[in-house]
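This report concerns only the one structure given below.
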Amino acid sequence: MSWDPVFRFVQQIPRGRVLTYGALAKALRLPGGARSAGRAMAATPSGKGIPWHRVVGERGKILIREPYASLQRKLLASEGIAILESRVDLKRHLWKPPKKSARKHQTPKKRIHK
DNA sequence: CATCTGACGACCG
DNA sequence: GCGGTCGCCAGAT
């Protein structure tokens with residue numbers, strides 16, 4: 001399984017925003033759902049600038065186990081993302097992907113009349 | 001080939 | 001809100 005599309009997608013999450021595994025799976029239509037998103041993140045190559053820490057569980061919960069959980073909290077905090085009651089404040093930081101953000105160049109679609 | 005194991009999430013008690 | 005079960009599915013044992 002190639003998780004490349006997932007990595008590219010995650011890479012587009014803006015600084016200071018987060019996404020849930022479920023939303024990620026849904027946006028990319030991953031077979032297997034959220035759990036697939038989780039597997040993809042588990043396979044995240046390090047050193048490629050992929051902001052894996054911006055992916056959290058439903059309702060903002062950090063699901064990865066220690067010692068990475070601490071790192072994730074730290075990284076999130078460094079982006080100004082608040083963590084309340086051990087979970088990210090989704091109300092404030094949830095990112096809503098355009099629909100399919102993995103585009104190389106946006107479709108102009110500037111035709112004003114049809 | 002049989003089982004177990006998850007960076008999930010919906011459901012239920 | 002928390003813990004247990006279940007569906008899901010690719011890898012590891």
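What you see is a predicted model, and the numbers here were worked out from it, not measured in a lab.
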Rounded to the nearest angstrom, tell me the gap between atom [atom1] in [X] and atom [atom2] in [N].
X: A:E66; N: B:dA7; atom1: CD; atom2: C1'; value: 12 Å
X: A:R73; N: B:dA7; atom1: CZ; atom2: C1'; value: 13 Å
X: A:E58; N: B:dA7; atom1: CD; atom2: P; value: 18 Å
X: A:L19; N: B:dG9; atom1: CG; atom2: P; value: 10 Å
X: A:R39; N: C:dA12; atom1: CZ; atom2: P; value: 12 Å
X: A:L71; N: B:dA7; atom1: CG; atom2: P; value: 15 Å
X: A:L63; N: C:dC2; atom1: CG; atom2: P; value: 13 Å
X: A:R87; N: C:dC2; atom1: CZ; atom2: P; value: 6 Å

Under 3.5 Å donor-acceptor, A:T20 side chain and A:E58 backbone
no
Side chain of A:Q72, backbone of A:V55: donor and acceptor closer than 3.5 Å?
yes
Which is true for A:G33 with a 4.0 Å heavy-atom rule: it touches a base, it touches only sugar-phosphate, or it touches nothing?
nothing
Would you mind classifying the nucleic acid contact of A:M41 as base, sugar-phosphate or nothing, using non-hydrogen atoms under 4.0 angstrom?
base
State, to 0.1 Å, how close A:S36 and A:L30 come at their nearest heavy-atom pair, and which atoms those are.
CB-CB, 4.1 Å
Rounded to the nearest 0.5 Å, how far apart are CG of A:L19 and CG of A:L94?
6.5 Å
Side chain of [X] only, heavy atoms from C-beta on: which candidate in [options] is closest?
X: A:I64; options: C:dC2, C:dC9, B:dA7; result: B:dA7
X: A:K61; options: C:dC2, B:dG9, B:dG6; result: C:dC2
X: A:R65; options: B:dC8, C:dC2, B:dG6; result: B:dG6

Could you give the side-chain donor-acceptor pairs of residues 41-53 of chain A under 3.5 Å, partners two or more places apart or in another chain?
unit_1	atom_1	unit_2	atom_2	d
A:T44	OG1	A:M41	O	2.6
A:H53	NE2	A:E79	OE2	2.9

Taking 4.0 Å as the cut-off, does a side-chain nitrogen or oxygen of A:R35 come that near to OP1 or OP2 on B:dT5?
no
